[in-house]
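The basis for the numbers below is simple: all heavy atoms, side chains too, and nothing from hydrogens, waters or symmetry mates. Numbers restart at 1 for each chain; the letters A, B, ... are given by sequence-line order, proteins then strands.
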Number of protein chains: 2
Amino acid sequence: MIDVGFLGGPPAERADAAHNRRKILAAAAEMIAARGAEALSMDEVAKAAGVGVGTVYRRFGDRAALIYAVIDDRERRFQAGFLSGPPPLGPGAEPLPRIRAFLHALADRTEEQSDLLLTAETDSAYARFNDGSYALYQMHLAMLVARLDPRADSAYLADALLAPLAANLFRYQRHTRGMSLSRVKQGLDALAAGLAAAPASGSSAPPAPRD
Amino acid sequence: MIDVGFLGGPPAERADAAHNRRKILAAAAEMIAARGAEALSMDEVAKAAGVGVGTVYRRFGDRAALIYAVIDDRERRFQAGFLSGPPPLGPGAEPLPRIRAFLHALADRTEEQSDLLLTAETDSAYARFNDGSYALYQMHLAMLVARLDPRADSAYLADALLAPLAANLFRYQRHTRGMSLSRVKQGLDALAAGLAAAPASGSSAPPAPRD
DNA sequence: ATACTAAACGGAGAGTTCTCCGATTAACAA
DNA sequence: TTGTTAATCGGAGAACTCTCCGTTTAGTAT
């Protein structure tokens, strides 16, 4: 999602390409604001941006990626919050409170943009995991879980903590089942607390090689 | 998924309708076996079954539901296993071992049919939750979690335990990340063990009314 | 200025899912 | 049998997403 910019990485975008990217992004954002993400049609975006539909696809790959690009602004702020903001969300706090703060913040973010997230995640099966943000969340949580319990399978558990925040489940709980947002957060707390309380099952050996 | 058959329920299906349902189901199963679920096209199913595409949609609603219908056979056996089979999967065992057995069995099932499940779950946002099986799993797990810790939010936690078995995450872990099936199962074990070990956070009051 | 080339453009078209509604027919009563 | 009617049928068509590839153009070397 964020261009990390390898040295000698992809050659810079041509001026016309950059220009079109901005026009497309602006058009998409406006259409989503007006009619919701689900109603976003690639043909219409292209027309509104004054480019061909082929251009939209070359710039963004597919509809899910375009939607993630629209989200990007808020996403950057969220990332800054847990990477370098004040504790307990940022560095400095103990692992468990920090995991909780992260999950609460992610729940808030999911609540705010569940419409866009749902559309993007539904559009293509692996959209959620292919968006760079997911990898970042996963590594962040895995780091904290490992600090909480060095013997745990932190990579798996990070996925497992993120899984209940998939947009489809989240929205189903919030809107179809009518669960409150604070109830969701308390549920996530309970899940995280369990990881701190339970001894890692299985062998008592140190960080086993994982397959 | 399973027709529970209310008394005075929906009027019985007309003979031609039942006949067409069977033809459609057989055609779909064959095509999936031959070319995979993702390649299943509703037009082709209709043609192979010798009916119009409208008939396919009236009988099954959408592509996701058709795929779930194809799965149904194995699904019934799985349900029988945890509803009335021998312990630890069936009744009689302690809650925690039973939760573990259930999650392991569900992981096996997901492994076996991840192709079909992924396609169905990707097709429509809420397909997973709308299929009756999900509600059954959720109630089953909630019952066991409540027995494990009466103060926990068993309904939420049941969803949270099922979330990592969403087909898209499961396949991503298995095939893109290369995690082994047993690693997934151990991860689920750790999650479940946490619920048993951690005291339900929040007020120490008995089963609070949930919103 | 001019020529060159890799990148970008754009829209026709392939291939889907799902909807709509006039035509058809199963089931049943007389 | 025959008539009635509500359920069912089927395929044309609407609305999409995404691909392909001939055409155009930005950036650069001469």
Side-chain angles (χ1 to χ4, degrees), chain A residues 3 8-25 27-28 31-32 35-70 116 118-127 130, chain B residues 9-25 27-28 31-32 35-70 116 118-127 130:
Chain A
D3 181 355
E13 201 167 53
R14 234 168 65 173
D16 52 345
H19 183 221
N20 280 337
R21 144 169 301 129
R22 279 192 296 272
K23 284 198 298 183
I24 292 165
L25 218 41
M31 292 184 48
I32 287 175
R35 298 166 43 201
E38 199 180 357
L40 187 76
S41 144
M42 300 300 263
D43 275 356
E44 282 183 302
V45 168
K47 192 159 293 182
V51 302
V53 67
T55 301
V56 178
Y57 277 91
R58 193 166 340 83
R59 265 332 85 184
F60 294 93
D62 62 16
R63 198 170 76 124
L66 175 57
I67 292 173
Y68 279 119
V70 169
L116 302 234
L118 178 69
T119 304
E121 290 177 19
T122 303
D123 240 51
S124 94
Y126 299 114
N130 288 334
Chain B
E13 201 167 53
R14 234 167 68 173
D16 52 348
H19 184 221
N20 280 338
R21 141 169 304 128
R22 279 191 294 270
K23 282 199 298 183
I24 292 165
L25 220 40
M31 291 183 48
I32 288 175
R35 298 167 42 202
E38 199 180 357
L40 187 75
S41 141
M42 299 301 261
D43 274 356
E44 283 183 303
V45 168
K47 192 159 292 182
V51 303
V53 67
T55 301
V56 178
Y57 278 91
R58 194 168 336 83
R59 268 326 89 194
F60 292 94
D62 61 19
R63 200 171 75 123
L66 174 57
I67 291 173
Y68 279 119
V70 169
L116 301 234
L118 178 69
T119 304
E121 290 176 19
T122 301
D123 239 51
S124 95
Y126 299 114
N130 287 334

**Item:** Closest non-hydrogen atom pair between A/A125 and B/L118, with its separation
**Value:**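 Taking every non-hydrogen atom into account, CB-CD1, 3.8 Å.
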
**Complete:** Protein heavy-atom contacts under 4.0 Å, written 5' to 3' over nucleotides 9-22 of chain D as B (base), S (sugar-phosphate only) or - (none), form the string BBBB----BBB---

**Item:** Dot-bracket encoding of pairs in DNA chain C, which uses [ ] for pseudoknotted crossings and | for another strand, Watson-Crick or G-U under 3.5 angstrom
**Value:** ||||||||||||||||||||||||||||||

**Asked** Between C/dT25 atom C1' and B/H19 atom NE2, what is the distance in whole Å?
**Response**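 Rounded to whole Å, this separation is 15 Å.
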
**Item:** Which residues share a salt bridge (Lys or Arg N to Asp or Glu O under 4.0 Å) with A/D16, sequence neighbours left out
**Value:**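 For A/D16 the salt bridge (Lys or Arg N to Asp or Glu O under 4.0 Å) partners, ignoring immediate neighbours, are A/R14.
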
**Student check: side-chain heavy atoms of B/I67 and B/L40 closer than 4.5 Å** =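 Yes; the side chains approach each other to less than 4.5 Å.
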
**Request:** Return each pair, listed once, that meets salt bridge (Lys or Arg N to Asp or Glu O under 4.0 Å) where at least one residue sits in residues 60-70 of chain A; pairs must be two or more places apart or across chains.
**Result:**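 For residues 60-70 of chain A: A/R63-A/D123.
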
**Request:** Would you kindly give the NZ-to-P distance between B/K47 and C/dG15, to the nearest whole Å?
**Result:**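 Whole-Å distance recorded here is 12 Å.
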
Distance-only donor-acceptor pairs under 3.5 Å for side chains of residues 51-60 of chain A, two or more places apart:
residue, atom, partner, partner atom, Å
A/R59, NH1, A/E13, OE2, 3.0

**Request:** Please report the C-alpha distance between B/Y126 and A/T122 in whole Å, then the side-chain angles of each, then the deciding distance to 0.1 Å, and finally whether the side chain to side chain contact (heavy atoms under 4.5 Å, CB included) criterion is met.
**Result:** CA-CA 9 Å; B/Y126 299 114; A/T122 303; over 6 Å; no

**Asked** A/E38: what forms a salt bridge (Lys or Arg N to Asp or Glu O under 4.0 Å) with it, not counting sequence neighbours?
**Response**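 Expected list: none.
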
**Request:** Applying side-chain contact (heavy atoms from CB on, under 4.5 Å), name anything that partners B/A39, two or more places apart in sequence or on another chain.
**Result:**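 Checked B/A39 against side-chain contact (heavy atoms from CB on, under 4.5 Å); matches are B/R35.
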
